Amino acid sequence: MKDLGIYIHIPFCNSKCYYCDFVSFPHKDDRIDEYIEYLLGEIKEYKELLKEYIVKTIFIGGGTPSYIGGQHIGRILEYIYKNFNVEALEEVTIETNPGTLNREKLKLYKEYGINRISIGVQSLNDNLLKNIGRVHTSVDFYRNFDLIRNLNFKNVNVDLMFGLPNQTMEDCKETLEKITKLDIEHISYYSLILEENTLMDKWYKEGKIRLAEEEMERDMYHFGINFLKDQGYKHYEISNFAKDGLECKHNLFYWQLKPYIGFGLAAHSNLKDKRYWNYSNFKDYYNSLDENRFPIDGEETINREMAIAEYLIMGLRLIEGVNKNDFFNRFKIKVEDLYEELLIKYKEQGLLYIDDEWIRFTPKGLDLSNIVYVDILP
């Protein structure tokens, strides 16, 4: 049996954040029941195709999955449990936003096997939250976090952002200090990226907002790394930190290029040397399932050359880097035989650390990783 990760997309939310480019729809409550029925229909379509896989992780993302009723989440999970091999299931994560949780939802989550809660906090500065379109406050976060702990969830992630408009280094420090005092198991620490067709991108182009200078943004990143390490967190991926043994198993499926499948609007999959993605609008998604077709909008075959490049790129996202023996065992060729000049160049420039077993980014390389990635691509 092959290991499999499952992603489920819930495209509903209370309000669209100003930086968000995910497929999500605020205040479409009248579409939730119908969407869940079609989502279950899509999952059913894959029952035969996935019989050779054993599900190890499930990740429910969005949107804001905690926006919809807990009974909907329960139906989805029960359906997966009944139709796929989940004997070795290790991790079931749900993304949540502060203010959308209550005791009843959390009790249902626990009842249906969710053992990891991810909270989109972003900052504990209420003014910054308002500026980026978040509808929660720091008080909402603390209230929800207390509920989560009271119901004995022992694996919690919080998402934090840096490089926000008007954010100072002191803001970053204060949020990190307050978060780590809660002894949270996992912290994702992301830099703001302006995506096309978002409100923040529009405002930036119109000169209505200013972002942190590059040097300040990098200072915020490296402060976060050093601070979180000092607090006992392992920096295991470019933007992710965890207590011992509590790395996000689902995300490791992506970074280690293990098979995963996505259900729901705009969900992506990587299965059997193919990468494919679903329709991102309700009409086409529903029509496909009405016609008993997979709701796939597009796909591409991952040839050997691309598979090698992606393995190296994704592996370098991990702080431990790429193991040379693992690379050889997977592709039956030494990584140096394919990338000797590139590896020498970036080692000499101080971006890569290379020894007999490993290739990994240096601290300087983490800042300039995109340069290396572009060079690796075929």
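Remember, it's a predicted structure, so these values are computed and weren't measured experimentally.
Asp159 and Asn157 form a side-chain donor-acceptor contact under 3.5 Å, judged by distance and modelled atom types alone. Asn281 and Asp284 share a donor-acceptor pair across their side chains, judged by distance under 3.5 Å alone. A donor atom on one side chain and an acceptor atom on the other are found under 3.5 Å apart for Asn97 and Thr64. In this structure, a donor-acceptor pair under 3.5 Å is absent between the side chains of Ser66 and Thr96. Defined by atom type and a distance below 3.5 Å, a donor-acceptor pair is present between the side-chain atoms of Tyr285 and Glu42. Side chains of Arg134 and Tyr19: a donor-acceptor N/O pair is present below 3.5 angstrom, by distance only. Under 3.5 Å, the side chains of Ser123 and Gln167 contain no donor-acceptor pair of N or O atoms. Side chains of Asn125 and Asp171: a donor on one and an acceptor on the other come within 3.5 Å. Donor-acceptor pairing under 3.5 Å is lacking for the side chains of Asp375 and Tyr339. Under the 3.5 Å distance criterion, with hydrogens and angles disregarded, a donor-acceptor pair is assigned to the side chains of Asp290 and Tyr38. Judged purely by distance below 3.5 Å, without hydrogens or angles, the side chains of Asn240 and Ser188 pair a donor atom with an acceptor atom. Neither side chain, Asn278 nor His268, offers a donor N or O lying under 3.5 Å from an acceptor on the other.
By the 4.5 Å heavy-atom criterion applied to side chains, His186 and Phe241 are not counted as neighbours. In this structure the side chain of Lys2 never reaches within 4.5 angstrom of the side chain of Ile54, judged on heavy atoms. Side-chain atoms of Leu352 and Phe361, non-hydrogen and from C-beta on, do get closer than 4.5 Å to each other.
A donor-acceptor pair under 3.5 Å is absent between the side-chain atoms of Lys324 and the main chain of Glu336, judged by distance alone. Judged by distance alone, with hydrogens and angles left aside, the side-chain atoms of Asp337 form no donor-acceptor pair with the main-chain N or O of Ile333 at under 3.5 Å. Panel note: side chain Asn155, backbone Leu246; no donor-acceptor pair is recorded below 3.5 Å.
Aromatic ring orientation, His235 versus Tyr221: perpendicular (interplanar angle above 60°, classes split at 30° and 60°). The aromatic rings of Phe282 and Tyr35 lie perpendicular to each other, with more than 60° between the two planes, well past the 30° mark.
The neighbour count for Phe331 CZ, taken as heavy atoms of other residues, nucleotides or ligands under 6.0 Å away, is above 12. Within 6.0 Å of CD in Glu90 there are more than 12 heavy atoms belonging to other residues, nucleotides or ligands. Surrounding CZ of Arg293 are more than 12 heavy atoms belonging to other residues, nucleotides or ligands, all under 6.0 Å away. The 12-atom threshold is exceeded at NZ of Lys332, counting heavy atoms of other residues, nucleotides or ligands nearer than 6.0 Å. Environment of CD in Glu206: crowded, with over 12 heavy atoms of neighbouring residues, nucleotides or ligands closer than 6.0 Å. Crowding of Asn303 atom CG: a count of heavy atoms from other residues, nucleotides or ligands under 6.0 Å exceeding 12. Heavy-atom contacts from other residues, nucleotides or ligands closer than 6.0 Å to OH of Tyr286 number more than 12.
Not less than 6.0 angstrom separates the ring centroid of Phe12 from the ring centroid of His72. Checked against the 6.0 Å centroid threshold, Tyr7 and Phe263 do not count as a close aromatic pair. The aromatic ring centroids of Tyr233 and Phe227 lie 6.0 Å or more from each other.
Lys347 forms no cation-pi arrangement with Tyr353, by the criterion of a distance under 6.0 Å to the ring centre and an angle within 45° of the ring axis.
By the 4.0 Å N-to-carboxylate-O rule, Glu174 lies close enough to Lys178 to be salt-bridged with it.
Connection of Phe253 to Ile238 is not established within any shared hydrophobic cluster, with ILVMFWY side chains joined at heavy-atom distances below 4.5 Å, either directly or through further cluster members.
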